[in-house]
Protein chains: 2
Amino acid sequence: MGIDGRKLKILQAIIHNYITNAEPVGSRTISKKYDLGVSPATIRNEMSDLEELGFLVQPHTSAGRVPSDRAYRLYVDSLVNKKRIKLVQKRQIKRSLVDGINELEELIQNSAKVLSKLTNYTSLAIAPQLIESRLKHIQLVPIDETKLLMVLVTNSGIVKNTVFNIEKEISNNQLSLISNFLTKKLKGHRIDELGIELKKNLTKEIFELRDVIKDVMPMINKSIDDLEEIDLYSDGVTNIFNFPEYNDITKAKSFLSFLENKENVIDMLLRNKNQDIEITIGKENCYEEIKNCSLITATYRFNGKTIGRVGVIGPTRMAYAKVIPVVKSIAVNLNDILEKHFDL
Amino acid sequence: MGIDGRKLKILQAIIHNYITNAEPVGSRTISKKYDLGVSPATIRNEMSDLEELGFLVQPHTSAGRVPSDRAYRLYVDSLVNKKRIKLVQKRQIKRSLVDGINELEELIQNSAKVLSKLTNYTSLAIAPQLIESRLKHIQLVPIDETKLLMVLVTNSGIVKNTVFNIEKEISNNQLSLISNFLTKKLKGHRIDELGIELKKNLTKEIFELRDVIKDVMPMINKSIDDLEEIDLYSDGVTNIFNFPEYNDITKAKSFLSFLENKENVIDMLLRNKNQDIEITIGKENCYEEIKNCSLITATYRFNGKTIGRVGVIGPTRMAYAKVIPVVKSIAVNLNDILEKHFDL
DNA sequence: TATTAGCACTCTTTAGTATTGAGTGCTAAT
DNA sequence: ATTAGCACTCAATACTAAAGAGTGCTAATA
């Protein structure tokens, strides 16, 4: 028993109906609303087959049927090439994003905002990971006698601060010299290799700076470790309450608690990093708390390297056809903006 | 009809019982659990009086009674001086806070975390406001040909970055000169007056820098405006689901939506800034969405000036006696740490 | 005069029962 | 192969009765 054209049509009709109404779909509904030219009885037979094939699920005997994760998967895969996005939305995305063009983090945060606004789901975004980018400038700034601020600027325009303690005060002049020296030596190196690079270079030093640098270096090394923390943004978290599947308070709680756990969310987002667009449906998700959710994420890149991800999370009954193009478009726009405004 | 000793005792018993059980309290319960030496009938009469006085509310005729906002107010005011905190907690607070001692923002974020962990409510904290602090160091860092990063360090150790565009490239050397110059001129001035100060000083300039500074100045001015944005941290947001009063999904949604609106939350937190500790009960709150919540906030200061607030929000049926000392203690510890580690 | 036992009354909560209705699955006719 | 027809299932809804918690009042009591 294969899944012929008519079965597919019926399945799509059911999915469509369930996505919009969130209620089990019966044979009569399909027969009336979708022009398939067959009677409810025929549809019933087909539905029975579709259930046997694992595409439909019946909550109980006298209810209609609900698409399974597998059905959504089929639906999404059939959908994946038809990227249609409303012109209005396209413009809106473009316009909204350029607002925060100066600071990369603001840009990403903005993306999340736009994403949740356009889709009415919860959006997630992770800011570019330093680890893949290269150093452009390093600057040490005095805070007080015992504290120093280190500012790192990367090729992707990300700025990171770390404060660290020093044993004895260093004069402004010396700081400026060290900054220049470090920038010169470390420029163009990957952030995660700065430590190694620093060690390699340190032996053959300008004599006058040597002592000071020796004091500062371990601290710099330690600060660099701190930099690996990933920034996570979300928006429209309470949108989840708009969906009847979350009227159950324990489900809502479980969903929101999951989102509160930054580490898990980041891990979730970073799976299949290299895929351009990634759609995870229901049980395909690794975390128990979101096994009745779907996740649509897109990668944004810089110079061909994955630097971050944006996406949307919501019930498996998600408006895939509407959401996928929006997520894609956001990613495309991000890529554009990054290329144009954050040069290397 | 005043509120004599016995009435007060009964009222306190009711409040105590309601805070722990979240269910309307009847006369028999009080008589059994609290040793008042009177029969339920007497308690009933007193309760009737207390209701007339506006301290109790009856959900319906055959239910027990529930404390009103007014009752909580009386209770809290009678409580306000008895600050008892468990030694374990006191230590825990101290220990947890020193972890993130280097960066002020981390410190505040940490405070929120500790606060929600110890109280099991939702905690809120706003990071020090720049506006009241003074400049310590200003540094311009090149990002690319058209962009500059400005780093401000204030006396309270806060670091703020702003990126802005410039028309033509400025050499590293010049940047360093400008940075030094600006630091010298502006050091010690209030952040919100930097713009004015800049204008005042600009006319009598080192000749060689004059042109460049003229280019940069309007951008600096603009960036300073951006700095007024206040950082808000929260933690334990999903704790709200632990309270039966939020089993109603619409209530939970309304609460969470309110918290999602950063501006309103900040406004709420900054009312009565100068009060050391501020307790707002139920209808005393200005925002409709939290008129069945109580808010306990404390101010933390630096050199006698209010620079931020931390606090806890939850249902009016809040464990005031437990929460108040914890909030206080956090604030006290913050003050200590600020004084010790963020000198001026 | 203040307290309290006793009791009728109120009103929610819970359980039980009947009814309705949406939807299926099967059978027999087309 | 399709479909009309019909019996059957089961959740949802409405209704009713019973239980239980708590009050307020009255009359007795110390």
Side-chain angles (χ1 to χ4, degrees), chain A residues 1-11 13-15 17-18 20-68 71 244-245 247-248, chain B residues 1-11 13-15 17-18 20-68 71 244-245 247-248:
Chain A
M1 180 170 57
I3 180 163
D4 58 20
R6 191 171 67 183
K7 274 197 179 54
L8 198 67
K9 267 189 186 159
I10 291 174
L11 184 56
I14 294 172
I15 293 174
N17 203 269
Y18 187 69
T20 50
N21 297 325
E23 256 160 41
V25 189
S27 53
R28 234 173 84 84
T29 313
I30 297 299
S31 147
K32 262 197 293 185
K33 284 216 228 162
Y34 300 83
D35 201 19
L36 296 172
V38 283
S39 78
T42 313
I43 295 177
R44 262 203 301 283
N45 289 330
E46 297 284 41
M47 282 168 82
S48 184
D49 290 354
L50 283 167
E51 181 168 3
E52 214 172 310
L53 289 165
F55 291 108
L56 292 178
V57 168
Q58 223 175 354
H60 55 85
T61 6
S62 74
R65 282 178 172 96
V66 165
S68 68
E245 33 267 87
N247 276 357
D248 180 353
Chain B
M1 180 172 57
I3 181 164
D4 57 23
R6 191 171 69 185
K7 274 198 179 55
L8 197 66
K9 266 189 187 156
I10 290 174
L11 183 58
I14 293 172
I15 292 176
N17 204 268
Y18 187 68
T20 50
N21 298 324
E23 254 159 42
V25 189
S27 53
R28 235 173 84 85
T29 313
I30 296 301
S31 147
K32 263 198 293 186
K33 284 216 226 163
Y34 300 82
D35 201 19
L36 297 172
V38 283
S39 76
T42 312
I43 295 177
R44 263 204 297 287
N45 288 330
E46 297 284 41
M47 281 167 85
S48 183
D49 289 352
L50 283 167
E51 181 168 4
E52 215 173 309
L53 287 165
F55 292 106
L56 293 177
V57 168
Q58 223 175 353
H60 54 85
T61 5
S62 73
R65 282 177 171 96
V66 164
S68 67
E245 33 268 87
N247 277 356
D248 180 351

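Computation of the quantities below employed the complete heavy-atom set of this structure, encompassing side-chain atoms and omitting hydrogens, waters and symmetry-equivalent molecules. Keep in mind that what you see is a predicted model, and the values were worked out from it rather than measured.
Remark: Glu245(A) engages Ala22(A), Phe243(A), Pro315(A), Arg317(A) in a side chain to side chain contact (heavy atoms under 4.5 Å, CB included) (not counting sequence neighbours). Considering only residues two or more places apart in sequence or on other chains, Thr61(B) meets the side-chain hydrogen bond (donor to acceptor under 3.5 Å, both in side chains) condition with none of them. Under the side chain to side chain contact (heavy atoms under 4.5 Å, CB included) criterion, Asp248(A) pairs with Thr250(A), Lys251(A), not counting sequence neighbours. Remark: Thr42(B) engages Ser39(B) in a side-chain hydrogen bond (donor to acceptor under 3.5 Å, both in side chains) (not counting sequence neighbours). For Val66(B), the side chain to side chain contact (heavy atoms under 4.5 Å, CB included) criterion is met by Tyr18(B), Pro24(B), Pro59(B), not counting sequence neighbours. Remark: Lys33(A) pairs with Asn17(A), Asn21(A), Thr29(A) by the side chain to side chain contact (heavy atoms under 4.5 Å, CB included) rule, at least two apart or across chains. Legend: residues meeting side-chain hydrogen bond (donor to acceptor under 3.5 Å, both in side chains) with Arg6(A), ordered by chain and number and at least two apart, are Glu46(A).
Rounding to whole angstrom units, CZ of residue Arg44(B) and C1' of dT10(C) are separated by 14 Å. Asn21(A) has its CG atom 11 Å from the P atom of dG23(C), to the nearest Å. Between the CD1 atom of Ile10(B) and the C1' atom of dT3(C) there is a distance of 12 Å, rounded to whole Å.
The two residues Leu56(B) and Pro67(B) come nearest to each other via the heavy atoms CD2-CA, 3.9 Å.
Here chain B contacts DNA chain D (any atom closer than 4.0 Å to a heavy atom, that is under 4.0 Å), and the contacts span dA21(D) to dG24(D) from 5' to 3'.
In this structure, Asp4(B) places its CG atom where more than 12 heavy-atom neighbours from other residues, nucleotides or ligands lie under 6.0 Å away. Within 6.0 Å of the CD atom in Glu23(B), the count of heavy atoms belonging to other residues, nucleotides or ligands does not exceed 12.
Judged by distance alone, with hydrogens and angles left aside, the side-chain atoms of Ser68(A) form a donor-acceptor pair with the main-chain N or O of Gly54(A) at under 3.5 Å.
Helical stems in DNA chain C, defined as runs of 3 or more consecutive Watson-Crick or G-U wobble pairs with both donor-acceptor distances under 3.5 Å, are listed by first residue as C:1-30 with D:1-30.
Identified under the ring pair (Phe, Tyr, Trp, His ring centres under 6.0 Å) test for residues 30-57 of chain A, with sequence neighbours left out: His16(A)-Tyr34(A).
In the region residues 31-43 of chain B, proximity to DNA chain D at under 4.0 angstrom, judged on heavy atoms, holds for none of the residues. If you check residues 58-66 of chain A against DNA chain D, the residues with a heavy atom closer than 4.0 Å are His60(A), Thr61(A), Ser62(A), listed by number.
Dashed line: the shortest gap from a side-chain N or O of Arg6(B) to OP1 or OP2 of dT3(C) is under 4.0 Å.
Met47(B) places a side-chain heavy atom less than 4.5 Å from the side chain of Ile14(B).
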